[in-house]
J.: 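Pasting a structure here, questions to come.
Letters A, B, ... mirror the listed sequences (proteins, then strands); counts begin at 1.
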Amino acid sequence: MSPFKQFFNGFKKGMRSFGKNIAIIIDSTLLLIVYLVGVGLTSILAKIFGKHFLESKISKKRETYWSDLNLKKKPIKAYYRQF
Amino acid sequence: MHILGISCYYHDSSATLLKDGKIVGAAEEERFTRKKHDTSFPINAINYCLKSQGITINDVDYVGFYEKPLLKFERVLSQHLEMFPLSLKTFLSSMPSWINQKSRVMRAIRKGLKYKKDVLFIEHHLAHASSSFLVSPFKKSAILTADGVGEWTTTTYGIGEDIDINLMKEVRFPHSVGLLYSTITAYLGFSVNNSEYKVMGLAPYGDMNRKTNPYYKKLESIIDIKDDGSYRLDMGYFTFHYADRMPSKKMCKLLGGPISQRDSQMTQRHKDIAAALQLITEDILTKMLNHVYKVTKCENIVMAGGCALNSAYNGKILRSTPFKNIWIQPDAGDGGTSIGVASYIYHTILGNKRNYVFRDAYLGPKYSTEEIKSFLNNNKIGYSEFNSDAELIKTTAKLIHDNHVVGWFQLGMELGPRALGARSILSNPCNQEMKEILNQKVKHREKFRPFAPVVCEDDSLKYFECDKPIPEPTDFMLMVYPIFKEWHKKIPAVTHVDGSGRLQTIRREQNPLYYDLIKEFGKLSGIPILINTSFNIRGEPIVCTPYDAYKCMMGTGIDYLVIDKFLIKRDDNPQDIWDSEKNAKD
């Protein structure tokens, strides 16, 4: 392989790795902002109003932890949805 | 009508192809990519399924996905909202894959497969329930599913009747018997979603007495189990809902030490913790099953989800609950949900009658004699060819009886985590040293782990205290039963420390060559039982192609490979193409 081609390949490799690292930094920064502002504010507000997103408490008084599901056949339309 | 079921992006990606209600192809992606528990879009498994039937994606009428991705995303988001700011690290690590991959399932199917027809999504636990009930021999059955977590659900029960399934009740995240098992698995230094079965194998070395095991009471104190088997975990002891490390500091304090390092020596303390976990799991499942029976009044039970792979408990179900019959399919974990979604679409959604029972697990790629011969010739591999099946059986049985380790490659690759006589390593269970030999030569696995026996179904009651009639899941190595005491010393290599064996029973119609080999070995040794362990080394998926098999043999101490009607002797071929020691990892 010619030295020029070798240099060019190495340069391409380096740029790709640089691009990846930059992408990770930008992604992480954006996600951090989303986490602090979006998730954080919602979470704090929810806590102020006593809203819980996970039912994590044990209750000795309850007789059962089974909750109703009733998952059975629905009209076909319902299965096109991802939720 | 062709229906393609897909499961991916969590663990054990897989694809299943249904033709007019019958499974005609199914495989896990890991076997093709050679990455254990591969999570990626199962393009290779899909291509195999289509190719095996000579069709293209345009011939597929429906594609089904094994969960509702947006419901799952809602749960993930709820975890972050509830656990802010502790969940920052997992938010940063998990969100990119959600944005780029997990929320773009439709795009992967439409663009990746170039598929233009209907794509349907069903709930994760419905896919589990269908994967078991709709391919079971039962017209009506109670259903129990339990795994780590699906969208929100971790445990469900219900009833199946003909083509309809009704999942009546659920336990929701973060309370999960599967995640409890995984947490202690992580605590003991094993990998999560991979090594839970090792903890199950370790448990009998510990104190299996509820009164004397010091950790039983401790673990019991962090779970509130109601009489109907429903339960909640004390979340102070767990961190899986916000961190990638599963046990909390509080759990470490409770169990008297830090999280064990990978590959660390297992002490009696570790063994007792594993035993306590197995006991607690059995308590929960027994209470649950008794309750399910009370509600459904049905004598048949089908199970699915990762917890249904707990073969040590499965063997006790018919003795400790009122159920009379049990069914579990071999890929009861997430890998099998592709069966579930495809079957649910064909039967329940489209209203087609059931016409298939899952009795043949050899649903993966198979190779013709010509293909294998040309592979051997093209690679200049030294081999001999058997003139008849009788010669193949006689020679192989003799090799095994002479304490050689034999790779066995026949039929289509098995679906699910267990090798069932298509991609197996076979050896002599009567040799006291065989466990050690297998570990040194091939498997490189933990010393405490037992090897599994395979026995012809008609001989099994002589050696094993099975339920009668022998439940069909035993064919898929899903039930552990006690071995009669008189045989413990005669088949030491497959007798676990508690005198049990995770047996596979084989019926001749399933795999005639394999069945006849075991019988022939019985004529030589007096005991028609073989060691059957998966054809791989630790950390690698089970072999798929002739190339994988040959490579595995040459890189390990497997003495012979019986592949179709050909016999390859390791010593006759140049070795060390592949250093298995270097690659052996968890």
J.: Answer yes or no: does atom OH of A:Y80 have more than 12 heavy-atom neighbours from other residues, nucleotides or ligands under 6.0 Å?
T.: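 Result for OH/A:Y80: enclosed.
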J.: Are B:K102 and B:F73 in a cation-pi setup, meaning NZ or CZ lies under 6.0 angstrom from the ring centre and within 45 degrees of the ring axis?
T.: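 Pair B:K102/B:F73 does not count as cation-pi.
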J.: Which of parallel (below 30°), tilted (30 to 60°) and perpendicular (above 60°) describes B:H128 and B:H124?
T.: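 Ring orientation of B:H128 relative to B:H124: perpendicular.
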J.: Side chain from CB out, backbone as N, CA, C, O: work out which of these in B:V171 comes under 4.5 Å of a heavy atom of chain A, or both, or neither.
T.: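 The answer is both parts of B:V171.
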J.: According to the interplanar angle, ranging from 0 to 90°, do the rings of B:H291 and B:Y157 count as parallel (below 30°), tilted (30 to 60°) or perpendicular (above 60°)?
T.: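 Perpendicular.
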J.: Do you know which of B:E74, B:K72, B:E123, B:R172 has the most heavy-atom pairs with chain A at a distance under 4.5 angstrom?
T.: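 Result: the option with the highest number of such pairs is B:E123.
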J.: Do B:H80 and B:S87 meet the criterion of a side-chain donor-acceptor pair at a distance under 3.5 Å?
T.: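 Note: B:H80 and B:S87 side chains meet the donor-acceptor criterion.
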J.: Could you name the residues of residues 56-73 of chain A that have a heavy atom within less than 4.5 Å of a heavy atom in chain B?
T.: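 So far as heavy atoms go, A:S56, A:K57, A:I58, A:S59, A:K60, A:R62, A:E63, A:T64, A:Y65, A:W66, A:S67, A:D68, A:L69, A:N70, A:L71, A:K72, A:K73 are the residues that approach chain B to under 4.5 Å.
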J.: B:E82 and A:K51: salt bridge (charged side-chain N to carboxylate O under 4.0 Å, His left out), yes or no, with the steps?
T.: CA-CA 9 Å; B:E82 183 72 18; A:K51 158 88 183 158; over 6 Å; no
J.: Tell me, out of B:I223, B:L233, B:I349, B:L92, who's got the most heavy-atom pairs with chain A below 4.5 Å.
T.: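 Looking at each option in turn, the highest pair count goes to B:I349.
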J.: So for atom NZ, which belongs to B:K89, do other residues, nucleotides or ligands contribute more than 12 heavy atoms lying within a distance under 6.0 Å?
T.: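 Open.
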J.: Taking C-beta and beyond as the side chain, do B:S78 and B:W152 meet within less than 4.5 Å on heavy atoms?
T.: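 Contact flag for B:S78/B:W152 side chains = yes.
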J.: Shorter than 4.5 Å, heavy atoms on both sides: which option in B:L88, B:V119, B:L126, B:D227 has the most such pairs with chain A?
T.: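 So the answer, after comparing B:L88, B:V119, B:L126, B:D227, is B:L88.
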J.: Under 4.5 Å from any heavy atom of chain A, what part of B:H241 do you find: side chain, backbone, both or neither?
T.: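 Side chain only.
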J.: Under 4.5 Å from any heavy atom of chain A, what part of B:D164 do you find: side chain, backbone, both or neither?
T.: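 Just the side chain, heavy atoms under 4.5 Å.
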J.: Determine yes or no for a side-chain-to-main-chain donor-acceptor pair under 3.5 angstrom, with B:N352 supplying the side chain and B:Y346 the backbone.
T.: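 Flag set: sc B:N352 to bb B:Y346 pair under 3.5 Å.
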J.: Counting only N and O atoms by type, is there a donor-acceptor contact under 3.5 Å from the side chain of B:T183 to the main-chain atoms of B:L179?
T.: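 Present.
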J.: Let's test your reading of the structure: which of B:L71, B:L167, B:L70 forms the most heavy-atom pairs below 4.5 Å with chain A?
T.: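 Among the listed options, the one with the most contacts to chain A is B:L167.
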J.: Which of the residues A:G38, A:S28, A:G40, A:A46 is involved in the greatest number of heavy-atom pairs with chain B at under 4.5 angstrom?
T.: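 Ranked by heavy-atom pairs under 4.5 Å with chain B, first place is A:G40.
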J.: Given that the side chain runs from C-beta out, which part of B:E170 has a heavy atom under 4.5 Å from chain A: side chain, backbone, both or neither?
T.: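 Answer is both: backbone and side chain atoms of B:E170 are under 4.5 Å from chain A.
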J.: Does a side-chain heavy-atom distance below 4.5 Å link B:F41 with B:I109?
T.: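 In short, these two side chains touch, coming nearer than 4.5 Å.
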J.: What part of B:I99 lies closer than 4.5 angstrom to a heavy atom of chain A: side chain, backbone, both or neither?
T.: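 When you check distances to chain A, only side chain atoms of B:I99 fall under 4.5 Å.
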